[in-house]
Amino acid sequence: MTEHDDSHARGGLMRWFGLGGSRREDSDAGEQASPAGESRPQATDARERMRQKTLEEITSFLLTHRLPVSVATLEIAHDIVTGANPMVGRLVAERISSREPITLAWLEDVVIAQSRDNSGEQLHHLVMRLESSIAEFAATTTAARTATNDYNSALEAHVGDLGTVGSANEVIVQLASLARDMISRTRDIERELSRSERETRALQKNLADARREAEMDHLTGLPNRRAFEAVLKQEFGESREVGDTLAVAFCDIDNFKRINDVHGHEAGDRILRTVAQSLAKISNDKCHVARHGGEEFVVLLRGKTALEAMDILDNAREKLATRKFVNRATDLPFGRISFSAGVADAHAYETSGEALRAADEALFRAKSAGRNCVHVAGPADAAGQAFEGDDDTGEHEYS
């Protein structure tokens, strides 16, 4: 595609988006259409400019990688450009860094993998809804059993009163018989309700155990991504309401692919568990650590500023980086094991998702700066501060 053809295609696609072609074309057209002496209208507002910028970046992504324009590619490009799907964005960045092509087939594979994660998340929500329904049923059952028991007690008292009447009136005798039959039946109902209560409690326990199992990463023993996101959402709202500080961080093991390639995946799993244990040491009721996926971990620190969180994580990073690790199966040294991290002040952003993306962006900068360091996201995530350790390589890859 020539430069002219590329410009033409870009302009056509921009017009398809409703942007009216390139900025230069719009400028020229505006100047020609405006009467003499009248100034061109200014951009409507910041939101409109942001919308146009997003559409331009989506267009650029599709054209740069020669991707077809379809509902699927537009949705994927939108998620990458806006940061709505950090995992896919990170995989795309890694692939571009390694000079591998971004193809439709590869993007579809990534989306399929994401769909599997979403299926697990949907199952998690269904379990929570089922738990809520069971809790409501248990409360209703308990109330019904209590009411039945109270009714039986009152009915027995009335039957006793009827029995003390000295009259041989047949009606009274029949009423007493019917009442005794009702008492017997309600006692049976009460026993059934008691059994239902016991079964409900057992089911609630099993569901609670299943949810804990579903929210745990079995390799490291840490909570998994779904569990962390639930805690992040809750802590974000509660801390903002009471005015507490809150910091969120992404941590990623440095050169993890090299560890797997040289020592094997079993050794890589042991390193994952070791790093998880190092991070778990800073965990408490105000600090939540979870495995986000792959070699990546997330940390939420309640009551800590971004700089205080950076100090805590940098201390953990330094302790880990100074340890000597040897592969027990081969007696070969692993070399230095370290991680990089990005930290964000959660309340500097409108939503917890934006804060998480800012931390992820700061992590990317930490990797680009040479790894084995901690970066803090700036106000617009345009700059950060860092504690940097020496690294034995100058490569700038995201691993």
Side-chain angles (χ1 to χ4, degrees), residues 75 78-80 82-91 110-111 113-132 207-242 244-253 272 275-276 279-280 282-304 306 309 313 339 341-364 377 381:
E75 184 177 356
H78 172 272
D79 288 351
I80 293 170
T82 62
N85 193 328
M87 183 69 75
V88 173
R90 191 178 313 115
L91 292 173
V110 171
V111 171
Q114 287 284 302
S115 298
R116 294 195 190 102
D117 289 344
N118 291 338
S119 298
E121 190 167 341
Q122 291 172 5
L123 178 61
H124 171 72
H125 289 311
L126 285 173
V127 169
M128 292 184 67
R129 287 173 56 189
L130 181 59
E131 281 186 316
S132 177
L207 276 173
D209 292 343
R211 187 172 67 173
R212 281 193 294 272
E213 188 82 2
E215 292 181 344
M216 177 183 292
D217 175 65
H218 296 286
L219 177 63
T220 62
L222 292 175
N224 61 19
R225 178 176 59 85
R226 286 193 296 273
F228 179 83
E229 288 177 352
V231 172
L232 172 60
K233 185 177 180 180
Q234 179 181 343
E235 292 281 359
F236 186 84
E238 290 181 358
S239 60
R240 172 164 285 184
E241 185 175 344
V242 300
D244 278 355
T245 53
L246 185 70
V248 62
F250 263 114
C251 305
D252 187 275
I253 301 175
L272 274 170
V275 175
L279 290 171
I282 67 175
S283 179
N284 54 42
D285 60 339
K286 295 289 186 181
C287 176
H288 305 278
V289 179
R291 184 184 179 195
H292 196 263
E295 66 270 26
E296 197 168 69
F297 301 86
V298 276
V299 185
L300 187 65
L301 299 103
R302 176 82 174 260
K304 301 294 183 183
L313 287 171
F339 66 81
V343 185
D345 174 3
H347 294 317
Y349 305 89
E350 288 297 321
T351 67
S352 59
E354 289 178 7
L356 205 58
R357 287 194 291 273
D360 189 46
E361 197 63 32
L363 168 61
F364 186 82
D381 197 32

Just wondering, do L356 and T351 contact through their side chains at under 4.5 Å, heavy atoms?
no

Within the structure provided, determine whether V248 and V298 are in side-chain contact (heavy-atom separation under 4.5 Å).
no

How far does CD of E235 sit from CG of L300, to the nearest 0.5 angstrom?
6.0 Å

Does Q234 have any side-chain hydrogen bond (donor to acceptor under 3.5 Å, both in side chains) partners at least two apart in sequence or in another chain, and if so, which?
E238

Compare every heavy atom of S283 with every heavy atom of C287, then report the nearest pair and how far apart it is.
O-OG, 3.0 Å

Mind checking salt bridge (Lys or Arg N to Asp or Glu O under 4.0 Å) for D345 and listing every partner two or more places apart, or none if nothing turns up?
none

Does the gap between the ring centers of F250 and H292 come in under 6.0 Å?
yes

Sorted by chain and residue number, the ring-ring contact (aromatic ring centres under 6.0 Å, His included) partners of F297 (sequence neighbours excluded) come out as none

Hits for side chain to side chain contact (heavy atoms under 4.5 Å, CB included) against T82, two or more places apart or cross-chain, chain-then-number order -> T54, H78, A84

Return the set of residues passing ring-ring contact (aromatic ring centres under 6.0 Å, His included) with H347 (not counting sequence neighbours), or none when no residue passes.
F236

Side-chain donor/acceptor of T245 to backbone N/O of K304, under 3.5 Å:
yes

Could you work out, with side-chain hydrogen bond (donor to acceptor under 3.5 Å, both in side chains) as the rule, every residue matching S352, not counting sequence neighbours?
none

For the side chain of E354 and the backbone of E350, is there at least one donor-acceptor N/O pair under 3.5 Å apart?
yes

